[in-house]
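Notes to accompany the following structure.
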Amino acid sequence: MEIKTIGVVGAGQMGSGIAQVASQSGFQVVMSDIAESFIQKGLSSISKNLDRMIEKGKITLKIKEEILGRIRTTLQLKDMAGVDFVVEAATENESLKLNIFKELDQICRKGIVLSSNTSSISITKIASATQRPSQVIGMHFMNPVPVMQLVEIIRGLQTSQDTFDTVKSLAEKMGKTPVEANDFPGFISNRILMPMINEAIYALFEGVGTPEAIDTVMRLGMNHPMGPLALADLIGLDTCLSIMEVLYKGFGDPKYRPCPLLKKYVDAGYLGRKTGRGFYTY
């Protein structure tokens, strides 16, 4: 089945980025969320990203208008009925994602692939909420989506080869480099990244160094483009905590225990850049 229209569930940081990249690649996009304020924030983010591209001479104002013109928004999940492919990019919460996939399974046409941008939750578990488990797959974009090259593709236990091939081809059409990962907690990316971030938070918690010192060591000493605490703020501390809890529950290994300071910051509403306060103030 030819993919012409892509449905994106969620207009947040990841969803809006996926919608932008899909539209830039020539696809029609239907982007949904549960509140108009979330939709408008997502569209504003896309517009600002495109303005930066104009400033750098990568696109013209006319092309920006064309990209925005290919993105239709809705508050109704039922409007995914006409799309040819779905990427779910809702909050990293297992029960929420299971409910969304159960609904999408009833709404979307038979044969339509349902993918999740989940960064850690089992694709096999998500697929179990549907009557089409062979057509459910993980399509994990990296943040920020318009900039980062990688798409991690995760097969569930029942994901078909046709579904995998479809997603691999789609990722390439969107200008991304697809890499296959197996369905383990955190997949490849967050199995490695999140424990590093968690350990950096422990280093702060135990007084080993200030946030600036920890991040500077990793930037200048390890040549990372961004320190782990600044990266946690970019990702969202609530998302980091959710992923660490998935790893801890999934493996039952104490090395994945979320740092108490991470939990405390999330309880305080210090979620990073999106709230203006995390390990740094924005």
Side-chain angles (χ1 to χ4, degrees), residues 1 3 6-10 12 14-15 17-18 21-22 32 77 80-81 83-143 145 148 150-174 176-195 239 242-253 256:
M1 184 183 298
I3 296 173
I6 295 176
V8 180
V9 180
M14 297 303 293
I18 294 166
V21 170
S32 74
L77 199 62
M80 296 295 164
V83 306
D84 305 316
F85 185 91
V86 176
V87 184
E88 169 274 318
T91 304
E92 191 71 358
N93 177 287
E94 184 178 295
S95 61
L96 174 64
K97 289 182 186 291
L98 291 175
N99 287 334
I100 289 172
F101 271 78
K102 186 175 181 179
E103 285 190 59
L104 287 172
D105 188 44
Q106 297 167 353
I107 292 166
C108 295
R109 305 191 309 275
K110 185 178 179 181
I112 297 299
V113 171
L114 307 179
S115 73
S116 177
N117 183 59
T118 178
S119 48
S120 62
I121 298 168
S122 167
I123 300 302
T124 301
K125 183 72 176 287
I126 290 172
S128 73
T130 76
Q131 300 299 312
R132 61 179 90 190
S134 66
Q135 293 161 334
V136 175
I137 195 166
M139 191 178 191
H140 180 208
F141 291 81
M142 302 296 124
N143 185 31
V145 180
M148 301 299 280
L150 178 69
V151 171
E152 200 173 22
I153 302 177
I154 306 99
R155 298 179 193 252
L157 182 64
Q158 295 167 276
T159 303
S160 71
Q161 186 62 44
D162 282 349
T163 297
F164 177 84
D165 291 343
T166 295
V167 176
K168 182 174 183 288
S169 174
L170 180 61
E172 290 169 343
K173 287 176 182 175
M174 293 171 73
K176 303 300 184 185
T177 300
V179 173
E180 181 179 358
N182 288 319
D183 192 16
F184 285 85
F187 318 131
I188 295 172
S189 57
N190 284 316
R191 171 82 174 266
I192 297 168
L193 174 64
M194 283 302 156
T239 299
S242 294
I243 296 169
M244 285 308 301
E245 287 174 337
V246 167
L247 291 171
Y248 188 37
K249 180 182 176 183
F251 290 113
D253 190 325
Y256 296 114

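Treat the numbers as computed from the prediction; the structure is a model and nothing was measured. Excluded from the calculations below are hydrogen atoms, water molecules and symmetry mates; all remaining heavy atoms, backbone and side chain alike, are included.
In this structure, OG in S242 is found 11.0 Å from CD in E94, a value given to the nearest 0.5 Å. With values rounded to the nearest 0.5 angstrom, L193 atom CG is found 13.0 Å from I188 atom CD1. The structure places NZ of K97 at 13.5 Å from NZ of K125, a figure rounded to the nearest 0.5 Å. Atom CZ of F101 is separated from atom OG1 of T130 by 8.0 Å, given to the nearest 0.5 angstrom. Between F164 atom CZ and T159 atom OG1 the span is 10.0 Å, to the nearest 0.5 Å. Once rounded to the nearest 0.5 Å, the distance linking CD1 of I123 with OG1 of T118 reads 6.0 Å.
Residues R155 and Q161 are in side-chain contact: their nearest non-hydrogen atoms beyond the backbone lie under 4.5 Å apart. In this structure, the side chains of I6 and L170 come closer than 4.5 Å at one or more pairs of heavy atoms. Contact check for I112 versus M80: no side-chain heavy atoms found under the 4.5 Å cut-off. Side-chain contact between K173 and I3 is absent, with no heavy-atom pair separated by less than 4.5 Å. V246 is not listed as a side-chain neighbour of Y256, based on a closest heavy-atom distance of 4.5 Å or more. At a threshold of 4.5 Å between non-hydrogen side-chain atoms, the residues D183 and L157 do not count as touching.
Remark: side-chain polar atoms of T166 are paired, donor with acceptor, to backbone N or O of D162 under 3.5 angstrom. A donor-acceptor contact shorter than 3.5 Å links the side chain of T163 to the backbone of S134. No donor-acceptor pair closer than 3.5 Å links the side chain of R191 to the backbone N or O of S120. When atom types are taken as modelled, the side chain of E88 and the backbone of A90 share a donor-acceptor pair closer than 3.5 angstrom. Judged purely by atom type and a 3.5 angstrom limit, S115 uses its side chain to pair as donor or acceptor with the backbone of V86. Using modelled atom types, one side-chain atom of N117 and one backbone atom of F141 make a donor-acceptor pair closer than 3.5 Å. When atom types are taken as modelled, the side chain of E92 and the backbone of I243 share no donor-acceptor pair closer than 3.5 angstrom. A distance-only check finds no donor-acceptor pair linking the side chain of S116 to the backbone of G138 [under 3.5 Å]. With hydrogens and angles disregarded, a donor-acceptor distance shorter than 3.5 Å links the side chain of K176 to the backbone of V145.
Enclosure of atom CZ in F184 is not indicated, since only 12 or fewer non-hydrogen atoms of other residues, nucleotides or ligands lie within 6.0 angstrom. Annotation: Q131, atom CD; neighbour count of heavy atoms from other residues, nucleotides and ligands within 6.0 Å does not exceed 12.
The nearest pair of heavy atoms linking H140 to S189 is CE1-OG, 3.3 Å. A pairwise comparison of heavy atoms in K168 and P178 identifies CG-CG, 3.8 Å as the closest pair. Residue N93 comes nearest to I121 through the heavy atom pair C-CD1, 3.9 Å, listed as atom of the first residue, atom of the second, then distance. Residues S119 and N190 approach most closely at O-ND2, 2.9 Å, considering heavy atoms. The two residues L247 and P185 make their nearest non-hydrogen contact at CD2-O, 3.2 Å. The minimum heavy-atom distance between Q158 and P133, with the atom names listed, is OE1-CB, 3.6 Å.
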**OP:** Take E152 and M142 through the test side-chain contact (heavy atoms from CB on, under 4.5 Å) and record every step on the way to the result.
**Re:** CA-CA 8 Å; E152 200 173 22; M142 302 296 124; 4.1 Å; yes

